[in-house]
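Counting convention: from 1, in listed order, for ligands and their atoms alike. Since we're looking at a predicted model, the values are computed, not measured.
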Amino acid sequence: MRFSLSLLSLLTVSLASPIGKLFARDEASTTASLDAATSTDSSASVAYGNPFALFKPKVFIISMFYLERDPWLEELDMVYNITIPGLSPVYPEIHCVANYSICQVTTGEAEINAAATITALTLSPLFDLTETYFMVAGIAGISPKMGTIGSATFARFAVQVGLAYEVDARQMPANWTTGYFPFGTTYSDQYPENIYGTEVFELNVNLRDHALYLAQQVELNNGTEANAEFRALYPYAPANELPKAIAGDTATSDVYWFGSLLAESFENYITLVTNGTAVYCSTQQEDNATLEAMVRAAKHGLVDFSRIVVLRTASDFDRPPPIYENDTTYFFNDAYQGGISASLKNLVIAGLPFVEDVINNWDHLYATNYFTPANYIGDFFGTLGGTPDFGTDSDHSA
Ligand SMILES: *[C@@H]1O[C@H](CO)[C@@H](O)[C@H](O)[C@H]1NC(C)=O
Ligand SMILES: *[C@@H]1O[C@H](CO)[C@@H](O)[C@H](O)[C@H]1NC(C)=O
Ligand SMILES: *[C@@H]1O[C@H](CO)[C@@H](O)[C@H](O)[C@H]1NC(C)=O
Ligand SMILES: *[C@@H]1O[C@H](CO)[C@@H](O)[C@H](O)[C@H]1NC(C)=O
Ligand SMILES: *[C@@H]1O[C@H](CO)[C@@H](O)[C@H](O)[C@H]1NC(C)=O
Ligand SMILES: *[C@@H]1O[C@H](CO)[C@@H](O)[C@H](O)[C@H]1NC(C)=O
Ligand SMILES: *[C@@H]1O[C@H](CO)[C@@H](O)[C@H](O)[C@H]1NC(C)=O
């Protein structure tokens with residue numbers, strides 16, 4: 001079987017400066033043949049490379065919406081806008097600094113947008129991402145047991161908590177604590193019988209710890225007086241303290257939940273599905289989807305899964321302080337937490353040291369195997385090799 005593919009007809013590059021002209025290519029001359037593919041009459045596969053890549057960034061910042069993107073565009077002089085197929089219609093452009101060493105992409109919010117955008121990016125023939133470090137940098141909800149408004153959290157595990165059965169809590173049996181229960185089970189707190197594969201992603205702890213260390217050397221923004229007053233409503237630490245950079249795992253769901261009961265139910269689920277290794281800290285709507293796309297790309301050598309950091313800074317609490325415990329929707333809709341400003345400032349304050357470190361210490365740290373992971377990395381299925389330190393030998397894929 002033999003066929004050819006016109007690659008560059010898929011690309012659009014819109015560059016703001018004349019330097020862009022250096023990269024202009026003649027579409028007609030660029031076809032790639034699949035001769036080298038490992039093919040038989042009935043199956044074809046190709047080592048999908050990126051022979052036409054123009055850009056090989058050292059760091060890629062992944063934002064989810066404009067409020068997370070803008071502080072980076074302000075901080076770093078991103079002079080190039082690059083359009084590739086498959087990005088969000090709301091965020092069609094990748095932004096890069098003048099020498100293309102640092103780039104930024106905005107996925108659009110929630111799991112579908114994150115998966116589609118990162119898939120498009122990792123498959124783009126314009127980018128060689130094989131040695132790139134990625135930093136997901138977004139805002140998040142925070143468990144008051146783990147942090148507070150403005151906290152900067154660096155994850156080892158990202159756990160997708162929305163993959164479950166759900167019955168409205170008004171119709172659940174009286175002795176249940178939550179309407180959610182894992183696939184293939186009959187009530188909550190049972191280990192799931194059916195695994196989709198995106199439930200748990202584990203990241204490089206050595207790299208995470210280094211990014212965290214760098215963030216701990218800088219002073220975070222403490223937020224406003226109103227943030228301090230809201231924190232003080234919690235009668236315990238670290239909720240009622242100033243924000244810090246911390247290690248903490250992150251929960252993904254398209255549904256934006258709040259309140260102590262749902263928070264506790266997802267807390268339990270995360271513990272269950274990671275064999276007690278992950279600790280629920282922050283909440284967001286994308287990270288599992290981003291990481292699933294990364295696993296698929298890493299499987300074919302397009303990205304290095306050991307070079308991903310997930311930073312989430314806290315904009316609001318996931319559950320109320322005791323005085324609003326009986327009025328959870330008032331807490332969510334009306335009580336003023338005001339944490340967005342501190343969380344956005346701390347994205348750059350806590351994330352920039354890592355970005356700069358990658359650039360400044362590329363040759364002797366980041367281009368080498370200095371941060372080789374000592375822990376398992378990847379998904380539930382061991383897609384990237386190794387044996388997950390969560391899950392069971394008999395997990396059924398569904
Ligand atoms: C590049 O994108 C940014 C952010 O969307 C926008 O503000 C800027 O005007 C764009 N620049 C060009 C040259 O299109
Ligand atoms: C490339 O740009 C980055 C960010 O502006 C800068 O820190 C770095 O020194 C530049 N590298 C080179 C080789 O010019
Ligand atoms: C999201 O990914 C994390 C690990 O990366 C996993 O533990 C979690 O179960 C996933 N959540 C869902 C809803 O898939
Ligand atoms: C709830 O009660 C039912 C009926 O008594 C019992 O079969 C079930 O095991 C209980 N479930 C839990 C989670 O305790
Ligand atoms: C935050 O508050 C702490 C404790 O008062 C202080 O040491 C630190 O300088 C403050 N950070 C900033 C950025 O103002
Ligand atoms: C919330 O309601 C429960 C049950 O009515 C009651 O026991 C508890 O004291 C209330 N808590 C607050 C803070 O009002
Ligand atoms: C995780 O927990 C499950 C259920 O308790 C158990 O069957 C499995 O062996 C554990 N996996 C690991 C890697 O410890």
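- Considering backbone and side-chain atoms together, Asn221 places no N or O closer than 3.5 Å to any N or O of ligand 5.
- Separation of the Phe371 and Tyr366 ring centroids falls under the 6.0 Å cut-off.
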Practice problem: List the steps, then state whether side-chain contact (heavy atoms from CB on, under 4.5 Å) holds for His95 with Cys103. | Solution: CA-CA 5 Å; His95 305 285; Cys103 295; over 6 Å; no
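- Distance remark: protein heavy atom not present below 4.0 angstrom from atom 5 (O) of ligand 4.
- Ion pairing of Lys145 with Glu267 is present here, as a side-chain N (NZ or NE/NH1/NH2) and a carboxylate O approach within less than 4.0 Å.
- For atom 2 (O) of ligand 4, the closest non-hydrogen atom on the protein side is Asn175 ND2, 2.2 Å.
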Quiz item: Hey, mind stepping through Asp70 and Lys345 against salt bridge (charged side-chain N to carboxylate O under 4.0 Å, His left out) and telling me if it holds?
Solution: CA-CA 11 Å; Asp70 291 350; Lys345 288 185 178 128; over 6 Å; no
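- Atom 10 (C) of ligand 5 has Asn222 ND2, 2.5 Å as its closest protein atom, hydrogens excluded (heavy atom only).
- Note that atom 14 (O) of ligand 4 has protein non-hydrogen atoms nearby, at separations under 4.0 angstrom.
- Side-chain contact annotation: Ser188 with Gln190, donor-acceptor N/O pair under 3.5 Å absent.
- The Tyr187 neighbourhood of ligand 4 comprises atoms 13 (C), with distances under 4.0 Å to a heavy atom of that residue.
- Taking every heavy atom of Glu219 and a limit of under 4.0 angstrom, the matching atoms of ligand 5 come to 8 (C), 9 (O), 11 (N), 12 (C), 13 (C).
- Under a cut-off of 6.0 angstrom, the local environment of CD in Gln217 is crowded, with over 12 non-hydrogen atoms contributed by other residues, nucleotides or ligands.
- Evaluated by nearest non-hydrogen atom to atom 1 (C) of ligand 1, the leading choice among Asn81, Leu73, Ile82 is Asn81.
- With 3.5 Å as the limit, one finds no donor-acceptor pair spanning the side chains of Ser88 and Thr117.
- With ligand atoms numbered from 1 in the order given, ligand 1 contributes 1 (C), 2 (O), 3 (C), 4 (C), 5 (O) to contacts under 4.0 Å with heavy atoms of His95.
- Contacts between Leu220 and ligand 5 below 4.0 angstrom, taking non-hydrogen atoms only, involve the backbone exclusively.
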